[in-house]
Amino acid sequence: MSTTYDPNTTPTDQPYDFLTQNDCASLKKSIESHLLFTLGHSLPAAQPQHWWIATCLAVRDRALNTSFKAMAEHRRLNVRRVHYLSLEYLMGRLLENNLRNTGLYDTAKQALGELGQDLESIVNKEPDMGLGNGGLGRLAACFLDSLSTLDLPAVGYGIHYEFGLFRQEFVNGKQIEQPDAWTRNGNPWKLVRPEYSVTVKLYGHVTQQFDDCGNASYVWEDTRSIIGLPWDIPIIGFQSSTVNFLRLWESRASDEFNLEIFNQGAYVEAIQEKANGETVSKVLYPNDATESGKELRLVQQYFFVSCSLHDIIRRFKRDNTDWNLFPDKVAVQLNDTHPAVAVPELMRLLLDMEGLTWDHAWGICQKVFSYTNHTLLPEALETWSVPLFGRVLPRHLQIIFEINQRFLENEVAVKWPGDLEKLQKLSIIDDRGAKAVRMAHLSVVGGHATNGVAALHTRLLKEKLFPEFDELYPGKFLNMTNGVTFRRWLMVCNPELTALINESIGTDWTKDASKLKALEAFADNPEFQQRYRDIKRGHKVTLCEIILKLTGYEVSPDALFDVQIKRLHEYKRQHLNLLHIVTLYRRLLQNPELKIQPRVFIFGAKAAPGYFLAKNIIHAINALAEKVNNDPRINNQIKVVYLPNYGVTLAEKIIPASDLSEQISTAGKEASGTGNMKLALNGSLTIGTLDGANVEIKDEVGDENIFIFGLTVEQVEALYAKGYNPYDFYWADAELRAAIDWLASDYFTGNADDFKPLRNSLLDHGDPFLVCADYRDYVDTQAKVDAAYADQTHWTKMAILNTARMGFFSSDRTIAEYAKDIWNLPSIKVQ
Ligand code: 26V
């Protein structure tokens with residue numbers, strides 16, 4: 001195609017398609033030219049790493065070309081956008097996903113093949129982008145995929161951490177943390193945008209000023225500045241016309257500020273100060289109880305929120321002049337309370353910078369913001385000490401006090417006149433002890449909707465955490481049951497199963513996951529069953545190789561693969577799983593005749609670096625693995641492996657190979673879970689409590705296709721109320737007693753002190769998550785799993801029905817609900 005360049009049109013009007021065609025020859029040329037002229041390597045000298053970068057850049061070119069068209073159309077229509085604010089994005093690798101979403105996978109494979117390269121090994125060169133802790137960060141990544149897929153105009157905002165979640169290694173079975181320098185060698189997906197840099201102010205103090213008419217205004221002075229430098233990552237949807245962006249802010253020292261010190265001749269101090277400014281985006285905080293109240297974390301939150309709101313306002317002002325239109329053009333979703341400082345920041349910008357009245361500004365805020373709650377655990381609900389907050393953000397603290405005062409006077413006191421207890425309970429400021437800002441209260445009051453992430457979680461949110469707020473604001477609390485993207489969690493991680501599904505029911509389900517239901521018709525079909533089983537076995541063989549490489553343990557693909565993969569936390573109860581394994585091990589030793597279905601217990605979990613007990617559990621599992629795996633007496637009937645450095649990429653290998661999915665949190669503690677959905681989708685049957693989204697998974701797959709055990713939320717409450725004593729269960733159950741005591745003996749490591757902390761938590765410290773109470777039902781339900789696995793035909797039928805009935809848990813459904821019920825956001829198809 002020939003073209004002439006017209007400088008009077010925007011670049012988006014230019015037919016650049018000739019650079020970005022999707023046939024094999026064009027893609028091949030693109031990859032070659034990036035290798036030569038972007039990276040400066042001759043073809044023979046290029047390393048796999050360079051091929052990876054060149055391939056990513058060729059895909060990125062095509063994504064940008066699509067994004068130009070989408071952005072031009074969005075601008076032309078002056079569209080409404082959602083802005084997803086999240087401190088975490090667990091993106092994993094992007095190349096394979098982007099190739100599948102654009103339909104370029106086979107073409108790229110061929111193009112690289114012709115260049116003498118193997119796509120699969122190139123894909124494996126990509127480091128994980130692990131800018132998140134766990135479920136919350138991965139959910140944000142799934143949501144971005146669905147937003148682009150559904151053609152919804154959206155921007156994701158976050159922090160460009162130099163170091164993502166730590167790398168986990170084991171030394172003598174104990175976790176040690178290593179830095180994750182994911183971007184050390186650059187990253188081809190990200191595009192720096194210095195022209196959109198933002199200056200952010202911190203610290204200083206506030207003075208009041210009056211104009212000629214006696215109107216007060218506030219001036220924030222003697223502040224320190226840092227610069228936010230945006231990096232954009234294109235988010236490519238599945239067969240869609242929209243490429244949205246994830247915009248990550250990197251902190252840079254402000255030159256303006258340094259200049260003053262330079263001028264005073266303090267060169268070294270100025271450089272030092274520069275370094276301080278650049279620490280803000282240095283590292284992701286692991287969600288760790290011991291880390292709470294850290295000043296740098298608050299600075300991170302404010303830095304990224306302020307950058308993002310400036311960016312949103314810049315874009316709004318480009319095409320609009322009337323502030324009344326702001327809520328029509330802008331929706332902001334707060335992913336947990338981490339970005340909740342956005343509420344006072346938007347108020348400050350509207351009041352102090354734009355000169356709006358309080359009521360006008362507040363009306364805008366409430367229409368713009370909505371908040372997702374992701375946990376009921378009291379220790380995970382964010383608060384900031386008032387003195388710390390006031391030092392870092394003095395103007396924001398003033399604004400929060402005013403929001404609170406107006407809220408208490410005009411809403412709480414009006415609804416419950418004279419009720420001091422209500423005032424204290426609902427106040428944004430907790431003033432019972434050391435004063436603290438309750439970020440969840442700020443988020444509920446400052447927005448128009450608050451949602452939970454599973455039906456049970458939302459019910460408990462309304463009934464237990466925020467009953468008064470629910471009464472005060474009827475209809476403000478909504479449920480948005482989580483979902484996962486079926487692109488990454490089925491089509492990319494399990495192409496073999498995807499092909500079988502496509503062959504059996506066609507491909508309509510890829511755009512409407514509820515259509516997976518059509519697979520039910522094949523659940524009893526022996527030929528389909530055999531192929532389904534063969535696919536599972538293939539993944540198990542692959543996982544066996546990974547296990548051997550990562551742990552040195554050899555395990556059989558014919559065993560039942562029993563998988564627990566998630567962050568390590570007492571409420572998730574990896575130690576309940578551990579006690580079951582100890583019990584089985586003991587049964588096998590006590591009764592050498594005992595025959596069970598061979599099982600491999602597979603763990604993957606990082607513990608927060610300062611979470612002592614979680615680390616003790618890791619050590620215990622690793623010590624158990626060493627004993628069990630090397631014990632000839634049990635005839636390889638059970639094996640235990642703890643895969644180090646669990647993350648998105650490892651999950652993609654484990655999930656398709658799993659037979660049994662452990663979702664065993666104490667009822668009422670796991671807000672939703674999303675690993676439960678990914679595993680069930682890939683035909684791994686759940687053993688789980690009635691917690692989080694397990695409840696809805698059970699409703700979807702049917703009681704006969706899931707293994708439910710344990711206390712319900714109501715029973716848990718009743719037990720706590722009556723006074724729980726784990727010793728009651730310990731003395732009543734000889735197997736439980738033996739398991740705990742054996743674990744805390746010197747048998748496993750030679751040192752009887754090693755697992756005393758674990759024993760103490762289960763007994764003397766009151767077993768806060770009811771492991772002892774749920775032990776018997778869990779172990780007995782595991783026996784049912786064992787019996788069920790013996791009947792492979794029936795097991796396979798159950799697995800197929802799990803895959804067939806998981807359509808509801810597509811994040812496309814979740815995002816469609818957010819778009820309709822919270823954001824009021826239409827999708828925009830671009831031609
Ligand atoms: C944070 C902390 C920080 C202090 C120490 C204890 C602790 C425990 C948990 C958390 C998690 C906070 C928020 C979070 O990540 N929630 C997860 O969100 C997922 C997506 O909605 C959901 O599937 C998980 O159930 C929920 O735990």
Side-chain angles (χ1 to χ4, degrees), residues 82 84 86 97 100-101 135-136 138-154 156 235 237-240 242 244 331 333 335 370 372-374 449 451-459 477-494 498 501 505-520 655 671-682 686 692-702 801-829:
V82 67
Y84 199 79
S86 178
N97 211 77
R100 298 263 188 209
N101 276 7
L136 172 146
R138 183 54 234 175
L139 185 77
C142 284
F143 280 5
L144 293 181
D145 180 271
S146 286
L147 283 162
S148 289
T149 298
L150 298 181
D151 286 306
L152 291 163
I235 305 295
F238 173 66
Q239 294 178 357
S240 78
T242 303
N244 288 315
Q333 188 68 33
N335 196 24
S370 43
T372 306
N373 173 285
H374 293 270
N451 75 281
V453 290
L456 173 67
H457 168 65
T458 303
R459 176 167 76 77
F477 290 86
L478 304 168
N479 178 53
M480 295 283 139
T481 298
N482 281 168
V484 301
T485 168
F486 284 20
R487 270 72 64 183
R488 182 175 296 266
W489 299 111
L490 181 56
M491 296 157 72
V492 171
C493 77
N494 203 340
T498 303
I501 296 170
I505 63 169
T507 56
D508 287 358
W509 65 274
T510 60
K511 278 281 180 178
D512 174 1
S514 67
K515 297 217 161 84
L516 271 179
K517 277 240 154 48
L519 270 186
E520 285 184 9
I655 288 170
S672 161
T674 46
N676 46 3
M677 303 168 185
K678 298 162 196 167
L679 283 154
L681 178 63
N682 283 273
T686 303
N694 297 352
V695 178
E696 290 154 89
I697 292 177
K698 174 183 92 67
D699 291 345
E700 293 291 317
V701 303
L801 288 176
N802 268 258
T803 303
R805 296 174 179 175
M806 289 304 291
F808 178 73
F809 301 99
S810 160
S811 49
D812 295 350
R813 186 270 312 151
T814 314
I815 285 298
E817 284 182 14
Y818 275 93
K820 179 170 160 294
D821 298 334
I822 297 184
W823 303 328
N824 185 25
L825 184 68
S827 75
I828 307 288
K829 291 248 182 302

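This is a predicted model, so every value here is computed, not measured.
- Side chains of N244 and L144 form no contact here, defined as non-hydrogen atoms less than 4.5 Å apart.
- The shortest side-chain heavy-atom distance between D151 and I828 does not fall under the 4.5 Å cut-off.
- The closest side-chain heavy-atom distance from M806 to L679 is not below 4.5 Å.
- You'll find the ring centres of F238 and F486 outside the 6.0 Å limit.
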Going through the checks in order, is the side chain to side chain contact (heavy atoms under 4.5 Å, CB included) test met by V82 and L147? CA-CA 9 Å; V82 67; L147 283 162; 4.0 Å; yes

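- Considering only heavy atoms from C-beta on, T481 stays 4.5 Å or farther from T814 through its side chain.
- Between S810 and V484 the shortest side-chain heavy-atom distance does not fall below 4.5 Å.
- Within 6.0 Å of NZ in K820 there are 12 or fewer heavy atoms belonging to other residues, nucleotides or ligands.
- Across all non-hydrogen atoms, the minimal contact from A449 to I822 is CB-CG2, 4.2 Å.
- When all heavy atoms are compared, the tightest approach of N682 to T803 is C-OG1, 4.3 Å.
- Residues I501 and L519 form a side-chain contact, since some pair of their non-hydrogen atoms from C-beta on lies under 4.5 Å apart.
- Atom CG of N451 and atom CG of N373 lie 8.5 Å apart (nearest 0.5 Å).
- Annotation: the span from R488 atom CZ to S811 atom OG amounts to 11.0 Å, rounded to 0.5 Å.
- Between T149 atom OG1 and K511 atom NZ the span is 6.0 Å, to the nearest 0.5 Å.
- For S86 (side chain) and A140 (main-chain N/O), no donor-acceptor pair under 3.5 Å exists by modelled atom type.
- H457 and N479 share no side-chain donor-acceptor pair at under 3.5 Å.
- For D145 and N101, the side-chain atoms include at least one donor-acceptor pair closer than 3.5 Å.
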How far apart are the C-alpha atoms of T674 and N482, what are their side-chain angles, what is the distance that settles it, and do they pass the side-chain hydrogen bond (donor to acceptor under 3.5 Å, both in side chains) test? CA-CA 7 Å; T674 46; N482 281 168; 5.8 Å; no

N335 vs H374, test: side chain to side chain contact (heavy atoms under 4.5 Å, CB included). Steps then yes/no. CA-CA 8 Å; N335 196 24; H374 293 270; 2.6 Å; yes

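- Closest heavy-atom contact between L152 and A819: CD1-CB, 4.0 Å.
- Within the 4.5 Å cutoff, side-chain heavy atoms of D821 are placed close to those of M480.
- A heavy-atom distance below 4.5 Å is found between the side chains of E696 and F809.
- Taking CG of N694 as the reference point, atom OG1 of T686 lies at 6.5 Å (rounded to 0.5 Å).
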Between W823 and S370, is the side chain to side chain contact (heavy atoms under 4.5 Å, CB included) condition met? List the steps. CA-CA 8 Å; W823 303 328; S370 43; 4.0 Å; yes

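- Side-chain atoms of S146 and D812 include a donor-acceptor pair closer than 3.5 Å.
- Formation of a donor-acceptor pair under 3.5 Å by the R813 side chain with backbone atoms of F808 is found in this model.
- Atom CZ in F477 sits 15.5 Å away from atom CZ in R459 (nearest 0.5 Å).
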Take W509 and T498 through the test side chain to side chain contact (heavy atoms under 4.5 Å, CB included) and record every step on the way to the result. CA-CA 10 Å; W509 65 274; T498 303; 3.8 Å; yes

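- For the pair G692 and A454, the tightest heavy-atom approach, listed with the atom from each and the gap, is C-CB, 3.9 Å.
- In this structure, CE on M677 lies 10.0 Å from SG on C142, to the nearest 0.5 angstrom.
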